[in-house]
2 protein chains.
Amino acid sequence: MTSQATPAPGRVGDVRRRNLALVLNRLGPEGVASRAEIAAATGLTKASVSSLVADLLETGLVEELGVTRGGERGRPGVGLALSPRRGALGAEVNVDYLAVGVLDLRGALRVHETVEASNHGRAPEDVLADLRSLAARVGEAAAADGVELLGGGLAVPGIVDTASGTLVTAPNLAWAGVPLAGALQDLAPGAPFSAELSNEADSAALAELWYGRGRALGSYLYLSGEVGVGGGLVIGSQLFTGAGGHAGEVGHVVVDPGGRRCSCGGRGCVETVAGQEAVLAAAGITGAGSTTTGRLDALTASLAAGDARAVGAVERAGEALAVAVVAAARLVDLSAVVLGGHFGILRGVLGPALEAALEDLAPGRITTVAFSDLGASAALTGAAGAALRRALAAPHALLG
Amino acid sequence: MTSQATPAPGRVGDVRRRNLALVLNRLGPEGVASRAEIAAATGLTKASVSSLVADLLETGLVEELGVTRGGERGRPGVGLALSPRRGALGAEVNVDYLAVGVLDLRGALRVHETVEASNHGRAPEDVLADLRSLAARVGEAAAADGVELLGGGLAVPGIVDTASGTLVTAPNLAWAGVPLAGALQDLAPGAPFSAELSNEADSAALAELWYGRGRALGSYLYLSGEVGVGGGLVIGSQLFTGAGGHAGEVGHVVVDPGGRRCSCGGRGCVETVAGQEAVLAAAGITGAGSTTTGRLDALTASLAAGDARAVGAVERAGEALAVAVVAAARLVDLSAVVLGGHFGILRGVLGPALEAALEDLAPGRITTVAFSDLGASAALTGAAGAALRRALAAPHALLG
DNA sequence: GAGAATTAGTATTTGTTCTGAACTATATGG
DNA sequence: CCATATAGTTCAGAACAAATACTAATTCTC
């Protein structure tokens, strides 16, 4: 829910909490700054910044780097930066694999391990047991590398209830109503911030914002091509979750009111044209005795060979995506799109088709069409990054 | 822009500013409360509430009502309520009329005056001169009625830049790049809060939220049928302005990728099917020698007579709107729509067509389709209401 | 190379604001 | 008339940032 929650009364201590986070966020993007620079940038006095930084050093989130040479006159400042000795664990349960990684506060993915496994229809408890042991192994590797975990995050391909840690429904895993609170607790045991559950497309969209193509954009629609078509809306450098908490569901925007029935019960949805199954079927690639990965490889081979049927199928997918992108552009006033997931491998044909359709449907409206370069670690990076930001937003929780 | 602006440092005084607004908002919806009730509801101590209320009484925004009888034991509380002696002026410049009204803090429209005039293509300075004298007359009437103005707002049918008070473009008025800062200053001269410029559909959407059908909803898409099709997104009881500040532009969402070229340069936009001109043309109602109002009357007459061509035109408009509404439902996770403006007079045919199309395209997704009952004063009510809320959010500005 | 200039960071006092506890004020009920 | 209950006020105490005056460390200039 986006609505303003409980009307918490303002207390005197809130001021310090806010200023701690303010100073910390100054350190975030730039990397290094001195107390004096922070004072100038935030409007706080040097005295206040000194006091706040002392607390932040105590939390372990920040460390001093020693004197920074400016070549100018006067006493040199002491460099301050986010500590690479603190991090968060990000995990992803997907249809074809499990993945866990540890991201430190400087943005480096310090450990990263993937286990290939077909999880569709598998019992959740079995998958979660595998995830638990993988997370333990990665967590130990991170500890050996000197990274202490602040929290964690788990991204899943389905609709989630973050508050309760429940996976409401994940058609591609054939899971529904799976309580994951226990699995979340085991991701980063003993960490000061609790792990949260998130949707995979949302996490990937955030990974783009913090570590990928979105850094330069600030506001964009992220499109994730997996089995379905997922989406995440980033508005003003923040994930926009909408009225009910599940915004950005691009897969079921209607692009052809007279079109085919969709599995959602609707008609003419994006997924009926640009979903993986729809594209493969339209390209004439049958599923007989082949894995999803194998069929996608066949599709890229057909595209490379210039097969007209395959090219046409991907072009139609691009046109369908364009209709949905224009809807987003009009409704939430966006001008950029970032494409990730399997859309990346279709880039050569999909990109031009999408751009051409956008020019036809709404000339000049969309000014940026970018493809992700984060690859398969996007979702876990986003989940871990979100955990780090929860810590950066509440540093006071780490103080005695 | 939705992005976080300047990183203002937290000061001790911020706490009081926030708590003043917190207490004031407790008074808002309910109407009456005692200091003790406010303390219990907000979590502030009785001592703090007493001190805050003393300041609020000084601002004139709040007044004591005398002892409230509870019939229970103990000392009775003193009722507190927003003062009906403070209000804001709302104004609207539209194609066919000028309108100005004064809304008080209790939500009553105390004065309201409309001047019919065809403003299309008229010189802005002439229209604004008329507006100025109308606002002066209404302002004096309000003063005579004991209402002191806190601020004002002006709603216009076009794209606005609120920060600079500029009307960027208003095709239906044939205006572009009109600086309105001067006109805004003259709306409520001497008022402590400066008047702001807003888009008409956005203001109408807010009027629904605060005084209309939106009170029970909290999140919805408002659709305004004027010459064009405008929209306003309300998410979590707040107007959502999107990445660039102009969200909710429903009129140019693509509903028919193979459809007609639109005046915007795009193709198959909502307005090419559900815009006033498109509907009238499809209904076979020619424009020869008749005003817009006259042609709309002819359309309603045809509908009442069951004319197949007119009914079909409105039904197709409903189907086009449904595609856009589903896009909004998916992208920002909404489940309610409120229709206003000229859509109200088409209600009998448009409502069922829209609902049927919604059931076909996305069964169960939209649970509420409501029509506005605020009539022609919606936009000015929203503009005035926004001015009142600016005052309620910053009561400290009224203290010495 | 000594002192002036300049910038970084710290210590101390002051004013604002909330909290908590004790207190006064005003009602109901027996 | 007194016990009880609720409303509201007063006052000391703690937390906090601002303002001011200070110390620390470096470069520039003569």
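For clarity, every value in this text was computed on a predicted model and none was experimentally measured.
- Counting to the nearest Å, the C1' atom of C:dT17 and the CG atom of B:Asp55 are 11 Å from each other.
- Proximity of A:Arg16 to the phosphate of D:dA17: a side-chain N or O atom is located under 4.0 Å from OP1 or OP2.
- Look at CG on B:Leu44: it is 15 Å from P on D:dG8, rounded to the nearest Å.
- C:dC18 atom C1' lies 14 Å from atom CG of B:Asp14, rounded to whole Å.
- A cation-pi arrangement is absent between B:Arg215 and B:Trp210, since the terminal nitrogen or guanidinium carbon is not both under 6.0 Å from the aromatic centre and inside a 45° cone about the axis.
- When each of A:Val32, A:Val62, A:Leu61, A:Val53 is paired with A:Leu27, the side-chain contact (heavy atoms from CB on, under 4.5 Å) condition holds for A:Val62 and for no other.
- Each of B:Arg86, B:Arg85, B:Arg110 was checked for a side chain to side chain donor-acceptor pair (under 3.5 Å) with B:Asp104, and the lone residue meeting it is B:Arg110.
- Note on B:Ser51: nothing from the nucleic acid sits closer than 4.0 angstrom, heavy atoms only.
- Residue A:Ser48 places at least one side-chain N or O under 4.0 Å from the OP1 or OP2 atom of D:dA18.
- Taking side-chain N and O atoms only, B:Arg73 has no distance below 4.0 Å to OP1 or OP2 of D:dA7.
- Within the 4.0 angstrom heavy-atom criterion, base atoms lie near B:Val12.
- Taking 4.0 angstrom as the limit, A:Ser50 places a side-chain polar atom (N or O) nearer than this to OP1 or OP2 of C:dT10.
- Residue B:Arg75 places no side-chain atom within donor-acceptor reach of the base of C:dA27, judged by atom type and a 3.5 Å distance cut-off alone.
- Summary of the strand contacts: A:Val78 and B:Asn19 both lie near DNA chain C, and taking for each the nucleotide with the nearest heavy atom, the more 5' one is attributed to A:Val78.
- Annotation: of the two residues near DNA chain D, A:Arg17 and A:Lys46, the 5′-most nearest-nucleotide partner is A:Arg17.
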